[in-house]
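Single-structure report; data block below.
Note that the coordinates shown come from a computational prediction; the quantities given were computed from them, not determined experimentally.
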Amino acid sequence: MAKYTRILSIDGGGIRGIIPAQVGVSIELKLQQKSGNPDAKIADYFDLIAGTSAGGILTCIYLYPDPENPSRPRWSAEDAVNFSIKSGRDVFQSSFWQTLKSLDGLVDEKYPSERLEKFLLENFRDAKLSELLKPCLISSYDIERRKAHFFNQIDAKEDPAEEYFIRDIARATSAAPSYFEVPKIYSLTNESYALIDGGVFANNPALCAYAEVRSKLRIPDERPDRGPTAKDMVILSLGTGQAQKKFPYEEVKNWGQVEWVEPLINIMMTGVAETVNYQMLQIFDAIERPNQYLRISPDLSKEQPLPIDDASEEKISELVRIGKDQAEKHNEELDKLVDLLLA
């Protein structure tokens, strides 16, 4: 069987990042069972992992090296779920005064960023982008230069100006407008960047990952002269849930800026994700290899509202359940995809 260039792409979605993280547990278990290696990790079987926001943080977790054994991942997929739950509980809590001062996010950030930064520092310490175990692509948006900003382990290995602390990357990719203060982060050559959540333009980074692999990755090795094409790739795209809330015409027709802020973020993030999925389906259908692309993202329209910042115990349990349900629903497709990853 052919050797493929294997890509994992993970959407943004705040606390709903628990959903793809939970699907990741099922994938890792299948990899262990089918490879016969009980220590197999997600990082072992993907050549590039791409992520936005919560997906960007999951990318850092999956690829983070074990300080005791730097050639191996520190964390399992189960650890990634626990990481998502704990960070959500820590971060998505606002004091009465912060809620009052920000008018619940209307005139100031909704949540103080100190808890998020403390959590990232405690877990990622001074590890650098170049130390991640595999190539990655993590998105953010530069509001001063007005351009997309990608963090890429390949670039960091080759150019000191592209090197960053992982904790700063995680902070930048998840700086959702109105939820957290815009961070100013520094490359290790001391260049400063004011960055916000990559979800504003690439909440589903699968197409960005596809383009990155086409131009930069030379896997497998017997193809050193050119990047892989779609027929050489296997792409697994994990989402955090499709459009939940509908906006009836009579309700929204006279809305102004204040009313539109939160719905617009929601529409923008889900709309971008759905469009990228459409584009990826067309790419793989056109080459008659639809089995080499799999998108897993739950339809949340029939669920209770699951805001991206509701980290109550009830909602966390619901998100874990949805993640397990998704893995079960797509069990057969995941089995086939894991076979391709192991090829």
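Hydrophobic cluster membership is shared by Phe151 and Leu120, with clusters built from Ile, Leu, Val, Met, Phe, Trp and Tyr side chains linked at under 4.5 angstrom. A continuous path of Ile, Leu, Val, Met, Phe, Trp and Tyr side chains, each step under 4.5 Å between heavy atoms, connects Tyr210 with Ile154, placing both in one hydrophobic cluster.
Checked against side-chain contact (heavy atoms from CB on, under 4.5 Å), Glu313 has the following partners two or more places apart in sequence or in another chain: Arg89, Ile316. By the salt bridge (Lys or Arg N to Asp or Glu O under 4.0 Å) test, Lys41 is found to be paired with Asp39, residues two or more places apart in sequence or in another chain being considered. Remark: Tyr62 engages no residue in a ring pair (Phe, Tyr, Trp, His ring centres under 6.0 Å) (not counting sequence neighbours). Every residue two or more places apart in sequence or in another chain that forms a side-chain contact (heavy atoms from CB on, under 4.5 Å) with Asn190 is listed here: Tyr186. With sequence neighbours excluded, the residues forming a side-chain contact (heavy atoms from CB on, under 4.5 Å) with Arg321 are Glu303, Glu318, Asp325, listed by chain and number. The salt bridge (Lys or Arg N to Asp or Glu O under 4.0 Å) test applied to Asp310 returns no partner, not counting sequence neighbours. For the side-chain contact (heavy atoms from CB on, under 4.5 Å) test, residues two or more places apart in sequence or in another chain that qualify with Ala161 are Asp159, Thr189. Under the salt bridge (Lys or Arg N to Asp or Glu O under 4.0 Å) criterion, Glu144 pairs with Lys184, not counting sequence neighbours. Residues meeting the salt bridge (Lys or Arg N to Asp or Glu O under 4.0 Å) test with Lys324, sequence neighbours left out: none.
Looking at Asp232, its side chain does come within 3.5 Å of a backbone N or O of Thr229 through a donor-acceptor pair. Side-chain atoms of Ser53 never come within 3.5 Å of backbone atoms of Gly55 as a donor-acceptor pair (strictly under, hydrogens ignored). When atom types are taken as modelled, the side chain of Glu259 and the backbone of Gly256 share a donor-acceptor pair closer than 3.5 angstrom. Looking at Gln32, its side chain does come within 3.5 Å of a backbone N or O of Ala40 through a donor-acceptor pair. Listed for the Asn204 side chain is a donor-acceptor partner under 3.5 Å among the backbone atoms of Ala273. Looking only at distances, no side-chain donor or acceptor of Arg167 sits under 3.5 Å from a matching main-chain atom of Leu121. A distance-only check finds no donor-acceptor pair linking the side chain of Glu181 to the backbone of Ser113 [under 3.5 Å]. Side-chain N or O atoms of Asp47 include one that pairs as donor or acceptor with a backbone N or O of Arg6 at under 3.5 Å. A donor-acceptor pair under 3.5 Å links the side-chain atoms of Arg289 to the main chain of Lys231, judged by distance alone.
Phe83 is listed as a side-chain neighbour of Ile57, based on a closest heavy-atom distance under 4.5 Å. Looking only at side-chain heavy atoms (C-beta outward), Asp335 and Lys30 come within less than 4.5 Å of each other. The closest side-chain heavy-atom distance from Val213 to Pro228 is below 4.5 Å. Contact annotation: the side chain of Leu195 approaches that of Ile185 to within less than 4.5 Å [non-hydrogen atoms, C-beta and beyond]. By the 4.5 Å heavy-atom criterion applied to side chains, Ile49 and Ile7 are not counted as neighbours. Inter-residue side-chain proximity for Glu274 and Asn277 is flagged as unmet; no heavy-atom pair is nearer than 4.5 Å. Here the side chains of Met280 and Arg295 are not in contact, with every heavy-atom distance at 4.5 Å or above. Between Asp11 and Leu238, every side-chain heavy-atom pair lies at or beyond the 4.5 Å cut-off.
Taking every heavy atom of both residues into account, Ser237 and Ala206 meet most closely at OG-CB, 4.2 Å. The shortest heavy-atom contact between Cys60 and Ile166 is SG-CG2, 3.6 Å. What you find for Pro70 and Leu133 is that their closest heavy atoms are O-CD2, 3.2 Å. Considering every non-hydrogen atom in both Leu116 and Arg171, the closest pair reads CD2-CD, 3.9 Å. The two residues Ile19 and Gly239 come nearest to each other via the heavy atoms CG2-O, 4.2 Å. Heavy-atom minimum distance, Leu58 versus Gly17: CD1-O, 3.7 Å.
Ring planes of Trp75 and Tyr64: parallel class, angle under 30° (limits at 30 and 60°). Phe247 and Trp260 have tilted rings, their planes meeting at an angle from 30° to 60° on a 0 to 90° scale.
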Item to complete: Determine, step by step, whether Phe165 and Phe124 satisfy the ring-ring contact (aromatic ring centres under 6.0 Å, His included) criterion, reporting the C-alpha distance in whole Å, the side-chain angles of both residues, the deciding distance to 0.1 Å, and the verdict.
Response: CA-CA 8 Å; Phe165 288 121; Phe124 295 129; over 10 Å; no

Practice prompt. Dump the intermediate steps for side-chain contact (heavy atoms from CB on, under 4.5 Å) on His149 and Tyr193, then the final yes or no.
Written response: CA-CA 9 Å; His149 187 106; Tyr193 298 88; 3.6 Å; yes

Fill in: Check against side-chain contact (heavy atoms from CB on, under 4.5 Å), Ser26 and His330
CA-CA 10 Å; Ser26 177; His330 295 277; over 6 Å; no

Discussion item. Checking Cys136 against Leu129 for the side-chain contact (heavy atoms from CB on, under 4.5 Å) test, could you report, in this order, the C-alpha distance in whole Å, the side-chain angles of both residues, the deciding distance, and whether it holds?
Written reply: CA-CA 9 Å; Cys136 65; Leu129 175 58; 3.8 Å; yes

Discussion item. Using side-chain contact (heavy atoms from CB on, under 4.5 Å), reason through Arg72 and Asp44 one step at a time and then give a plain yes or no.
Written reply: CA-CA 9 Å; Arg72 298 295 300 146; Asp44 297 329; 2.6 Å; yes

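For the residue pair Asn82 / Ser84, no side-chain donor-acceptor distance below 3.5 Å is found, with atom types taken as modelled. If you check the side chains of Tyr179 and Asp309, you find no donor sitting under 3.5 Å from an acceptor. Donor-acceptor pairing under 3.5 Å is lacking for the side chains of Ser87 and Asp90.
Checked against the 6.0 Å centroid criterion, the rings of Phe150 and Phe201 qualify as a close aromatic pair.
Surrounding CD of Glu314 are at most 12 heavy atoms belonging to other residues, nucleotides or ligands under 6.0 Å away. The number of heavy-atom neighbours closer than 6.0 Å to CD of Glu68, taken from other residues, nucleotides and ligands shown, is 12 or below. The environment of Lys157 atom NZ is sparse: at most 12 non-hydrogen atoms of other residues, nucleotides or ligands sit within 6.0 angstrom.
A salt bridge does not link Lys147 to Asp142: none of the charged side-chain nitrogens sits closer than 4.0 Å to a carboxylate oxygen. Salt bridge Lys118/Glu122: present, at least one basic N to carboxylate O contact under 4.0 Å.
Sorted by first and then second residue, the salt bridge (charged side-chain N to carboxylate O under 4.0 Å, His left out) pairs with a member in residues 186-213 read Arg145-Glu191, Glu212-Lys216; sequence neighbours excluded. Identified under the side-chain hydrogen bond (donor to acceptor under 3.5 Å, both in side chains) test for residues 130-140, with sequence neighbours left out: Thr52-Ser139, Ser130-Glu163. Sorted by first and then second residue, the pairs that involve residues 262-290 and meet ring-ring contact (aromatic ring centres under 6.0 Å, His included), not counting sequence neighbours, are Phe284-Tyr293.
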